[in-house]
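To start, I am sharing the structure in question, which I have written as structure tokens.
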Number of protein chains: 2
Amino acid sequence: MGDASLPKPNILLAFSRELPALLYYELRKRFPGAEITSVTLEPGARIPSEIAKKASIIATYNNLPNPEDAKHIKLIHISSAGLDSIIHEPILTETDIPMTTSSGIHAPPVAEWAVLNWLAASRKFSTTYENQKKHVWGSHEQYGPGAQDHVGKKIGILGYGSIGRQIARVSVALGATVHAFTATPKPTPASRRDPHYFVPGTGDPEGTLPATWHHGIDKASLHTFLSLGLDHVVISLPLTPQTTHLLGAEEFAVLAAHKSAGHSRNPFLTNISRGKVINQDALIAALKKGELSGAALDVTEPEPLPADHPLWDAPNVQISPHISGVIEGYYLRSFDIIRVNLKRLRRGEPLVNAYKRGRGY
Amino acid sequence: MGDASLPKPNILLAFSRELPALLYYELRKRFPGAEITSVTLEPGARIPSEIAKKASIIATYNNLPNPEDAKHIKLIHISSAGLDSIIHEPILTETDIPMTTSSGIHAPPVAEWAVLNWLAASRKFSTTYENQKKHVWGSHEQYGPGAQDHVGKKIGILGYGSIGRQIARVSVALGATVHAFTATPKPTPASRRDPHYFVPGTGDPEGTLPATWHHGIDKASLHTFLSLGLDHVVISLPLTPQTTHLLGAEEFAVLAAHKSAGHSRNPFLTNISRGKVINQDALIAALKKGELSGAALDVTEPEPLPADHPLWDAPNVQISPHISGVIEGYYLRSFDIIRVNLKRLRRGEPLVNAYKRGRGY
């Protein structure tokens, strides 16, 4: 498909709430030459025929066109990371219109959340904060013991997708080494490549940053990985039956038994996946025993975490309410995937973040 | 000077306090083949002749040999970043024995302190912390407004030395762009190179990371730099008569007037230099007016900051007690410079971090 076959795009934004005016301003700058129109609809409502028929690109969360109105549609871009909520829609089941997800756009804020939590723990930010409230100039003795930076630290990342790769990028910049654990082996450069969308200038799309790669779906493989002498373990893999309670008492014991040589701190656990990947009772026990020097949890089981849950007061735990991916400007970042794919459509190249029908994701 | 001329080094550690046992263990691993001995002396006391005469390398803070005992000394390494406290010692004024400083070793912890403060502010870590104390699962509404990551942000760094360069490295990993301001012009690759010691795997020794370079020692040059649309301004230059009160009411107004297009937040100021580089009253006013969205200050004027000082309660200020460079393992990191220089001595190359006599630093 060459340049000529794709006329000036008519981008329709179909959402159930008003989008901010600044967004249109920014979109017009980023899509020069495109028509940009919008419609506000009830959640899940179909796009009216006369509106859908004028569009060549649709950006939406769950407002879709009827298949018969979609003859001119070149691309439907979904603002969420997955298509779970629209999986049975006829536009998916009855047409071949390319559909793309927003997978990958959360990586920078989630990685920043992770690194924030590491540094807040290692540099005792809460001490600084409490001192300041009291107008107290703290002493070096409050900060020195245990104060370590990340030079030479070993960061183990379970699940090397877009989020894991941006955490890796920042870790390497801090002077740490990255160790990746994936379900399937990644022995070649091609296998280490992640073809999904990356926010420009972030992540590790080629998979060149890990010092070592590890893989497996059995306990033995996982335990080998957890025996590397890791300073940090990051959980950035999806919740599946196989990953439910992936980390429990045994795993925390393995981590503690192999804590990094020459470092005084035990491993620190970071979870930005789902609460159920961890056996939470075992986590509380591991924190109490000091097997883990701390944990940063953006996800818990259940959510919200009840006020009387013992996790709140476990030693050295930092809990946030599933907000690691929250940023202003979400839509703008999501729609950058349209920009990338318009170029690819013009060149006849495969789309990034394309939904593959029949594979269920 | 070839390999043969440098016999097995006899490294003497001369300090006024006992060094940790772990340090000797680590040093023996890192200097295989070296003799490592130590002596504990009163602060500033000379090293006894019979001990000094056996050493070929001395590592110290301010315990120096008499010149007549130093015939076999190839190198004296000082554990501080500068030599201010020993500048009039005869070993400096009467001999040519190479002396090296520990300049550069603070860069990783100071950069981590800076990035911690940026992220704590942008991601409202204090809200998370206060919620957790109360066992409250916060709402997205507490976090969404103003939540931004650093993708595409402009980081302006005043003084592009070892600390500025490590802040640059992390900034670029976060997806931001770096803009460097130096006193003298840096038009060529050679001029952008920093020959000082860098902790391996950190910093920007070649000066390749800044998107743009700026320079000058006059107000006009500084104001041009502050007009770039910066999201962050980092002060990482030394305090000199020229940099005293470098940033005041005028500069904060310039920053605010040119705040980054499309970003809802005003610039954020980070000071890891000395309190006097800022006009502190003007800073308080700028924070109150919202010209700055916040400030992270590891240094104040005076130190300690008195309990009744208004800076403590200025809006969106984060104050820590001059601890950005504090880490465990300081000596080990300092002594890595000896390792680097032993190699250079063997090859007859110029030493890194060498004190240049007669230049006063």
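In what follows, every heavy atom counts, from backbone to side chain, and hydrogens, waters and symmetry copies are set aside. Within every chain, numbering begins at 1; the chains are lettered A, B, ... in the order of the sequence lines, protein sequences first and strands thereafter.
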(message) So for atom OH, which belongs to B:Y331, do other residues, nucleotides or ligands contribute more than 12 heavy atoms lying within a distance under 6.0 Å?
(response) yes
(request) In plain terms, say whether A:R339 and A:D336 are close enough for a salt bridge, that is, a side-chain N and a carboxylate O under 4.0 Å apart. (result) yes
(message) With no hydrogens and no angle check, just 3.5 Å: does a side-chain donor-acceptor pair link A:Q148 and B:E328?
(response) yes
(message) Check this for me: does any side-chain nitrogen of one of B:E26 and B:R30 sit under 4.0 Å from a carboxylate oxygen of the other?
(response) yes
(request) Output the option from A:V199, A:L174, A:T202 having the highest count of non-hydrogen pairs under 4.5 Å with chain B. (result) A:L174
(message) For B:V326, which atoms come within 4.5 Å of any heavy atom of chain A: side chain, backbone, both, or neither?
(response) both
(message) For B:W118, which atoms come within 4.5 Å of any heavy atom of chain A: side chain, backbone, both, or neither?
(response) neither
(request) Flag the pair B:D231 and B:R265 as a salt bridge only when some basic side-chain nitrogen lies within less than 4.0 angstrom of an acidic carboxylate oxygen. (result) no
(request) Would you kindly say whether B:Y330 and B:S102 are connected by a side-chain donor-acceptor distance under 3.5 Å? (result) no
(message) For B:H140 together with A:H322, are the ring centres under 6.0 Å from each other?
(response) no
(message) Please identify, among A:T128, A:V115, A:I323, the residue contributing the most non-hydrogen atom pairs under 4.5 Å to chain B.
(response) A:I323
(message) Can you tell me which of A:G329, A:P321, A:A147 forms the most heavy-atom pairs within a distance under 4.5 Å of chain B?
(response) A:P321
(request) Considering only heavy atoms and a distance below 4.5 Å, find which of B:S171, B:P108, B:G146, B:A173 pairs most often with chain A. (result) B:A173
(message) Taking side chain as everything from C-beta outward and backbone as N, CA, C, O, which of these in B:Y129 sits under 4.5 Å from a heavy atom of chain A? Side chain, backbone, both or neither.
(response) side chain
(request) For each of B:N131, B:N117, B:T300, tally heavy-atom pairs with chain A at distances under 4.5 Å, and name the one with the top tally. (result) B:T300
(request) Please flag which part of B:Q142 lies under 4.5 Å from any non-hydrogen atom of chain A: side chain, backbone, both or neither. (result) neither
(request) Under 4.5 Å, counting heavy-atom pairs only, tell me which of A:G203, A:A176, A:A111, A:G144 racks up the most with chain B. (result) A:G144
(message) Quick check for you: among B:P109, B:G175, B:A307, which has the greatest number of heavy-atom pairs under 4.5 Å with chain A?
(response) B:P109
(request) Examine whether an atom of B:V136 lies under 4.5 Å from a heavy atom of chain A, and if so say whether it belongs to the side chain, the backbone or both; otherwise answer neither. (result) backbone
(request) Let me know if B:K133 has heavy atoms under 4.5 Å from chain A in its side chain, its backbone, both or neither. (result) side chain
(message) I'd like to know which of B:G138, B:P200, B:P306 tops the heavy-atom pair count under 4.5 Å against chain A.
(response) B:G138
(message) Taking the ring centre of each residue, are A:F335 and A:F31 less than 6.0 Å apart?
(response) no
(message) Among A:K134, A:H309, A:Q318, which residue has the highest count of heavy-atom pairs closer than 4.5 Å to chain B?
(response) A:Q318
(request) Return yes when atom CZ of A:R333 has more than 12 non-hydrogen atoms of other residues, nucleotides or ligands closer than 6.0 Å, and no otherwise. (result) yes
(request) Could you have a look at B:L305, B:L332, B:L311, B:D308 and say which one has the most heavy-atom pairs with chain A under 4.5 angstrom? (result) B:L305
(request) Answer yes or no: is there an ion pair linking A:D313 with A:K288, defined by an N-O contact shorter than 4.0 Å? (result) no
